[in-house]
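Below is one structure, written out as structure tokens; comments come after it.
Computation of the quantities below employed the complete heavy-atom set of this structure, encompassing side-chain atoms and omitting hydrogens, waters and symmetry-equivalent molecules. A note on names: the letters A, B, ... follow the listed sequences, proteins ahead of strands, and every chain is numbered from 1.
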2 protein chains.
Amino acid sequence: MPTHGTGRGPGDAAPTIGEVAAAAGVSRATVSRAFGRPQMLRPETVERVQEAARHLGYVPNRVARALSTGRFGNLALVVPDIANPFFPPMIRAVQGRADRAGFAVFLGDADEDPAREEVLLRQLSTQVEGFVLASSRLTDERIRAHAERRPLVLVNRDVEGIPRVLIDTTRAVGQAVEHLHELGHRRIAYLSGPAGSWSNRQRRRAVKRAGDRLGVEVLMVPAGRATFELGRLAVPALLATGATAVVAFDDLVAQGVLAGLSEQGVGVPAGLSVVGCDDVLATRTYPPLTTVSARSAEAGAAAVDLLAGMLTPGTPLADTRLLLDTSLVVRVTTGPPPRGGPRRP
Amino acid sequence: MPTHGTGRGPGDAAPTIGEVAAAAGVSRATVSRAFGRPQMLRPETVERVQEAARHLGYVPNRVARALSTGRFGNLALVVPDIANPFFPPMIRAVQGRADRAGFAVFLGDADEDPAREEVLLRQLSTQVEGFVLASSRLTDERIRAHAERRPLVLVNRDVEGIPRVLIDTTRAVGQAVEHLHELGHRRIAYLSGPAGSWSNRQRRRAVKRAGDRLGVEVLMVPAGRATFELGRLAVPALLATGATAVVAFDDLVAQGVLAGLSEQGVGVPAGLSVVGCDDVLATRTYPPLTTVSARSAEAGAAAVDLLAGMLTPGTPLADTRLLLDTSLVVRVTTGPPPRGGPRRP
DNA sequence: TTGTACGCGTTATCAC
DNA sequence: GTGATAACGCGTACAA
């Protein structure tokens, strides 16, 4: 007799379908149907079973069900960094949407590490019906490999053949550069995010293109992992470029820049204009940050919908590529460049 | 023949233990042992099995294993609100710690709703070995009921008999009131957090007691769910009390207060002193917030350790009550009260 | 409409 | 040291 869990305490007997059957005076099959396909049974039978189940505190064992059907009722969401404020709203949205579709959610934090991400995917794959993979740092090849084993939807990662929802910041970043150009800036910097990030590549390219188009010189400053601290530490390098404005990978980095600038005695936007991205900090920075709207919650919800679609038998597997457009949100960290070029303390 | 998962694409055959056995020319039992208890087997046998498994891309099916052993290798973390920056570090810590102990983590966001929390606990209970329940909004009674079914560790919730780790802000909140008293404040306000929150009750009481002890009048201002927006909206009520300083439920609320104050043209700390709690915003507010250190990551890690202990057979079930002490972090949002009482715009 | 019987992939128990 | 076999709890053809 298996220990059946390591549960402690007295009432440790998780009632099984058999006990309910006995209590209701029917067979186990009938109990199973009372839950899964009530319309197959006579209403009074269903009622009797429900009653017995309620009385015993019976909860269908999802593990057993999964073993039998291959359907788990779980899906996994893997993100590179929960601590980045971009993700919590997405996590919430995924959870809520999954819940309504009858799924429970595994959450994996890959800690910006492809190897760790790989491990998560592998170990979760046996108990999950599908994956939402956000801002994956994996290679296209590896993503394809995983997608072959389990239905998988990408967020902010563009791999052909894999369903994906992309928050397209190209237009908004272009607007940001135009905005700076109009203000009179002619030399700006892009402060990079994580190397493996699709969003980072997209934004970097968008800044560069818009700059080229408008005759604005664009300097690239590397930063790495998207954190407040890295933004703060990048300030000297930033100032060294002689740029009069900076577009940061995201709001977190931009906020770090704001702090670093303040330490250096450089005013914003008087000494340097700053643009963020994702709008996760809204008006909570000081000064309130000009930024690019993001739609992470929507992206999460859309991803779950896509996944749910793939999971529904009979749905053709389309190569979906859902684009979520964004726009510039002008607040107060952008202004005309300082007279006589960038101001150094 | 069951569809066996809804996986698409070709190589849809998740290899089973039987196939590995056949390939290695051994029995299924041997394959099982090669993974679970290698020392029971001759090294060369283990090697042969491993080889075959690797060749086929075999991954032990955790679901099947769980059904057989009653051990899932999963644990669930339930929080009231992922979007509150207090939780992400804790989630991370839980994940990391769980990972090292060989557990995958389910995450549930109860959305501050006891009913939703209840549902999560129920539906997760069949696929999880234990729970970490953070800042639960459930009644003691319900918590006890769940704890009887599955091992469960509480964070920031004090229910006798249930293992719990508590971030004890009593001392630090007391320090905050002393700090304000020394600065000359004699009339302060406490801006409340969620009604069901143990932390909120603890802090409210701590402010009250310290006030009584020092002869500082304490006004209570209700706020509700801990959000930036609610802090912002509470500002008029706050000013109406005539208090010269406010202790907010947490940093998020405090930051909202900062914003609301700024809108009303009240300077900080010149017009009003503000103290936060949890130190999740560090120096990222403007002005940098005087606050109470929290230790959410440590709390999460400790909770997992406790849980892992309970799950280890042979461990006596102790009524653990782990207290994590905190202290005041003075930054710049506190100063002497305005001359001639609180300044109204 | 309801019951019987088998299979899902794994581990534990007992033989060998 | 290794192999057969019975659970684990549930879903579902198939039979009644």
Side-chain angles (χ1 to χ4, degrees), chain A residues 1-7 12-49 52-53 56-73 125-127 129 313, chain B residues 1-7 12-49 52-53 56-73 125-127 129 313:
Chain A
M1 61 204 71
T3 6
H4 185 50
T6 321
D12 190 5
T16 74
I17 204 170
E19 303 177 34
V20 178
V26 298
S27 76
R28 301 182 322 200
T30 301
V31 177
S32 173
R33 287 175 189 128
F35 281 85
R37 250 168 286 286
Q39 69 282 14
M40 274 184 70
L41 265 44
R42 195 187 321 162
E44 82 185 42
T45 309
V46 175
E47 179 50 43
R48 189 152 37 106
V49 172
L56 272 62
Y58 168 74
V59 180
N61 186 323
R62 302 183 73 154
V63 172
R65 179 192 318 220
L67 189 58
S68 169
T69 61
R71 308 202 37 186
F72 307 91
S125 69
T126 56
Q127 34 189 347
E129 274 183 271
Chain B
M1 59 204 76
T3 4
H4 184 48
T6 321
D12 190 3
T16 75
I17 204 171
E19 302 177 33
V20 178
V26 298
S27 76
R28 297 178 318 187
T30 301
V31 176
S32 173
R33 291 193 266 254
F35 281 85
R37 252 168 287 285
Q39 71 280 12
M40 275 185 68
L41 266 42
R42 194 185 322 161
E44 82 185 44
T45 310
V46 175
E47 178 50 42
R48 191 154 35 110
V49 172
L56 272 62
Y58 168 75
V59 181
N61 185 323
R62 303 182 70 159
V63 172
R65 177 183 310 191
L67 187 59
S68 172
T69 62
R71 310 200 34 182
F72 307 92
S125 70
T126 55
Q127 34 189 349
E129 272 182 273

Between atom CZ in A/Arg62 and atom C1' in D/dC10, what is the gap in whole Å?
-> 14 Å

Taking five pairs at each end, how big is the angle between the two axes of the helix from C/dT1-D/dA16 to C/dC16-D/dG1, to 10°?
-> 40°

Which nucleotide in the list C/dA12, C/dG9, C/dT2 gets nearest to the side chain of B/Arg37?
-> C/dA12

Quick one: on DNA chain C, does B/Val59 or A/Glu44 contact a more 5' nucleotide (nearest heavy atom)?
-> A/Glu44

Please enumerate all protein N or O atoms sitting under 3.5 Å from an N or O of nucleotides 3-6 of chain C, with distances to 0.1 Å.
residue, atom, partner, partner atom, Å
C/dG3, OP2, A/Ser27, N, 3.1
C/dG3, OP2, A/Ser27, OG, 3.1
C/dG3, OP2, A/Thr30, OG1, 2.3
C/dG3, N7, A/Arg33, NH1, 3.1
C/dG3, O6, A/Arg33, NH2, 2.5

A/Arg42 side-chain proximity, nearest of C/dT10, D/dC10, C/dT1 | C/dT1

Rounded to the nearest angstrom, tell me the gap between atom CZ in B/Arg48 and atom P in D/dG1.
-> 15 Å

B/Ser68 side chain: which of C/dG9, D/dG11, D/dC10 is closest?
-> C/dG9

To the side chain of A/Thr45, which of C/dT11, C/dT1, D/dC10 is closest?
-> C/dT1

For A/Arg71 and D/dT12, what is the distance between atoms CZ and P respectively, to the nearest whole Å?
-> 10 Å

For A/Gln39 and C/dT2, give me the distance from atom CD to atom C1', rounded to whole Å.
-> 15 Å

Knowing that exactly one of B/Arg62, B/Arg65, B/Glu129 qualifies, which makes a side chain to side chain contact (heavy atoms under 4.5 Å, CB included) with B/Arg71?
-> B/Glu129

For atom CG of B/Asn61 and atom C1' of C/dG9, their distance in whole Å | 6 Å

At under 4.0 Å between heavy atoms, what does B/Phe35 touch on the DNA or RNA strands: base, sugar-phosphate, or nothing?
-> nothing

Under 4.0 Å: is that the gap between some side-chain N or O of B/Ser32 and OP1 or OP2 of C/dT11?
-> yes

Across all chains, not counting sequence neighbours, the side-chain contact (heavy atoms from CB on, under 4.5 Å) partners of B/Thr16 are B/Glu19

Residue pair A/Ala34 / A/Val49: nearest heavy atoms and the distance that separates them = CB-CG1, 3.6 Å

With sequence neighbours excluded, give me every salt bridge (Lys or Arg N to Asp or Glu O under 4.0 Å) pair touching residues 21-42 of chain A.
-> A/Arg42-A/Glu44

For B/Met40 and C/dT11, what is the distance between atoms CE and C1' respectively, to the nearest whole Å?
-> 11 Å

For A/Leu67, which contact category applies under a 4.0 Å heavy-atom criterion: base, sugar-phosphate, or nothing?
-> base

